[in-house]
> 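Following this message is one structure expressed as structure tokens.
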Amino acid sequence: MKKILLRGGSVVSSKGIRRADVLVSGEKIVAVGRHIGGDAKEIDVTGKLLFPGFIDAHTHFDLEVSDTVTADDFDSGTKSAVAGGVTTVVDFATQNKGETLSDALNNWHMKAFANSTCDYAFHMAISDWHDGIRDELPAMFEQGVTSFKVYMTYPAMILSDLEIFEILSALKPLGGIVGCHCENAGIIDALRARYTESGALGVQSHPLSRPAYAEAEAVSRFLRIARAVDVPVIIVHLSSAEGLDEVLRARERGVRVYAETCPQYLLLDDSVYSEPFDTSSRFVCSPPIREHEDRKALWKGLSAGTIDTVSTDHCSFTLEQKRAGSDDFKRVPNGMPGVETRAILLYTYGVKKRRISVPQMCAYLSENPARLYGMYPKKGCIRVGADADIVVFDPKGESTLSARNMHSKCGYTPYEGVRTTGRIERVFLRGQTVYAGGEIVLEHSGRYVSRGRSDL
């Protein structure tokens, strides 16, 4: 069996950093320590940080939405992921109205199988709820789908408070966990109608029609439903200080709630919507990018550990697709790329700015999502018995972000021209080098990850 010894690096965990060699045999880590010997191919990683493979637990590849399909499928999307040090994605198998959960899961398996360059798992996004769907839930767990998503907005996906209550109640005895897209649909619909009637159809109306208080109200309502059922839940893509305040208040009331945010909410502000359409439309996502004070609050949450994970909500569209809304902001497909740049940006603007530590970066990108979504300790750590998913990270590397060098099919990055610190030098997926020297060196080697229950 092929053995590889990574010698001279520093192994990162959520608890700290330690100098250690890592011995890989086949797909697994078999030893971590100093002065490991034996017959193995040695790779010198002196001066490098060894992170557990990063996990992006919020991607949308090959998703039909807004009368189009996302630019990135599982081929280009997972190549982009691997180039960003991501060895596992958790995408959203999305149930369309009238479909069974089994139909949705099979659809996503067909999209991903033999096309993924990193490992992959699925959440189940529920859009249609009745007794037949309830009866399918145990089969989802048998197939390794243990996390679910509900929406409080979007006509094609929205569920009522009663339906959300019933879903949480049905999943409670099974040990499932639910994430929620929290925005108040009524407020949004009213404001969108108001701006439309006044002729304010430019992109500037997008953030105005989805204010932070619409997120905060929905967060509060969802967490009170969770309190009534007494189950742990997740707030996905948290974007605002008001929303974070609701999370903290709910925790004080005893609600078990986890919070995820994304790089766009940490690094950008709503001034991006003041640019000409071909620039501003790139930043149309939901929830929208907020104000400077919201950024500060989210960084404070990461620093304090009150936010648990940083995912991307990678949902990419080309500029041509975005131009569907050139005359009406409501028609701009919502979403941004991000899976390739997340780790470098978090290191540059988090670690190097002393907002978070290297171990915290490991927690938010690797260990916490592995624990939260039932993959730990197979994923999310460098320890004996874990999958040999390892990112060799050069903390002294520097680069300038450019779409020309990226793998997404959308054709742009929101961070074009940004100077970054740190470089992903090599990525191992289950013991095989899949990325090195700025290139994908092994394609379509990803496998489905059947997950257990959350244990964060």
Side-chain angles (χ1 to χ4, degrees), residues 55 57-59 88-109 112 119-152 157-182 219 221-236 247 250-251 254-260 308-309 311 367-380 448-456:
I55 298 168
H58 194 147
T59 62
T88 307
V89 297
V90 191
D91 205 82
F92 288 88
T94 300
Q95 173 210 27
N96 297 316
K97 297 286 187 183
E99 282 186 339
T100 67
L101 301 185
S102 293
D103 287 339
L105 183 57
N106 288 338
N107 288 342
W108 253 257
H109 272 300
D119 284 355
Y120 59 93
F122 302 125
H123 310 287
M124 178 57 65
I126 300 175
S127 68
D128 210 358
W129 178 249
H130 50 75
D131 286 343
I133 302 302
R134 186 197 309 270
D135 292 342
E136 284 194 274
L137 292 178
M140 292 296 104
F141 286 79
E142 291 170 5
Q143 296 176 75
V145 177
T146 58
S147 55
F148 300 79
K149 185 179 182 182
V150 296
Y151 289 79
M152 302 178 88
M157 298 298 298
I158 189 170
L159 296 170
S160 69
D161 291 352
L162 172 61
E163 290 169 322
I164 292 172
F165 181 95
E166 290 184 345
I167 290 169
L168 295 180
S169 298
L171 287 169
K172 181 177 180 178
L174 298 172
I177 194 165
V178 175
C180 186
H181 180 131
C182 294
V219 169
R221 183 158 39 99
F222 177 64
L223 294 183
R224 290 178 189 279
I225 296 171
R227 184 185 184 189
V229 182
D230 188 23
V231 287
V233 292
I234 307 161
I235 305 300
V236 301
V247 168
R251 286 176 179 163
V255 179
R256 291 169 290 165
V257 51
Y258 303 98
E260 164 202 278
D308 302 285
T309 67
S311 300
E367 185 172 323
N368 285 1
R371 288 184 178 276
L372 183 59
Y373 295 114
M375 294 180 279
Y376 191 88
K378 180 179 181 179
K379 306 287 188 183
Y448 175 63
V449 180
S450 179
R451 296 178 292 117
R453 289 160 180 77
S454 176
D455 72 345
L456 181 59

> With side chain to side chain contact (heavy atoms under 4.5 Å, CB included) as the test, would you mind laying out the steps for L168 and F148 before giving the verdict?
CA-CA 10 Å; L168 295 180; F148 300 79; over 6 Å; no
> How far apart are the C-alpha atoms of M152 and I164, what are their side-chain angles, what is the distance that settles it, and do they pass the side chain to side chain contact (heavy atoms under 4.5 Å, CB included) test?
CA-CA 9 Å; M152 302 178 88; I164 292 172; 4.0 Å; yes
> Could you state the interatomic distance from CZ (F122) to CG (L105), rounded to the nearest 0.5 Å?
6.5 Å
> Side chains of T94 and M157: does their closest heavy-atom pair fall under 4.5 Å?
yes
> Show the nearest heavy-atom pair for residues S450 and G144, with the distance to one decimal.
OG-CA, 3.1 Å
> Can you see which heavy atom on I177 is nearest to which on V233, and at what distance?
CG1-CA, 4.2 Å
> Once rounded to the nearest 0.5 Å, what's the spacing between atom CZ of F222 and atom SG of C182?
6.0 Å
> With rounding to the nearest 0.5 Å, note down the distance linking CD1 in I133 to CG in L101.
4.5 Å
> Is there a donor-acceptor pair under 3.5 Å between the side chain of Q95 and the backbone N or O of D128?
yes
> Taking all heavy atoms of V255 and all of A226, pick out the closest pair and write down the distance.
CG1-CB, 4.5 Å
> Which atom pair, heavy atoms only, marks the closest approach of S127 to L159?
O-CD2, 3.6 Å
> Is R251 reaching over with its side chain to a backbone N or O of V257, donor-acceptor style, under 3.5 angstrom?
yes
> Test of understanding: with salt bridge (Lys or Arg N to Asp or Glu O under 4.0 Å), list the residues that count as partners of R221, not counting sequence neighbours.
D161, E217
> Roughly how far apart are T309 OG1 and R371 CZ, rounded to 0.5 Å?
14.5 Å
> Contact between L174 and L137 at the side-chain level, heavy atoms closer than 4.5 Å - yes or no?
yes
> What distance separates Y258 OH from D308 CG, expressed to the nearest 0.5 Å?
7.5 Å
> Run the side-chain hydrogen bond (donor to acceptor under 3.5 Å, both in side chains) test against S147 and tell me which residues pass, sequence neighbours left out.
H123, R451
> Could you report the tightest heavy-atom contact between A121 and V449, atom names first, then the distance?
CB-O, 3.5 Å
> So does H181 get a backbone contact from the side chain of K149, meaning a donor-acceptor N/O pair under 3.5 Å?
no
> Hey, is the main chain of F92 close enough, under 3.5 Å, to the side chain of W108 for a donor-acceptor pair?
yes
> Can you find a heavy atom in the side chain of V231 that is under 4.5 Å from one in the side chain of L171?
no
> Testing I234, D455, I55, T146 for side-chain contact (heavy atoms from CB on, under 4.5 Å) with Y373, which one passes?
I234
> Excluding sequence neighbours, so at least two apart, what forms salt bridge (Lys or Arg N to Asp or Glu O under 4.0 Å) with D103?
none
> Please report the shortest heavy-atom distance between K379 and A370, naming the atom on each side.
O-CB, 3.4 Å
> Tell me whether R256 contacts the main-chain N or O of D230 through its side chain, where contact means a donor paired with an acceptor under 3.5 Å.
yes
> Is a donor on one side and an acceptor on the other found under 3.5 Å between the side chain of E260 and the backbone of S311?
no
> Roughly how far, to the nearest 0.5 Å, is OG1 of T88 from CE of M375?
6.0 Å
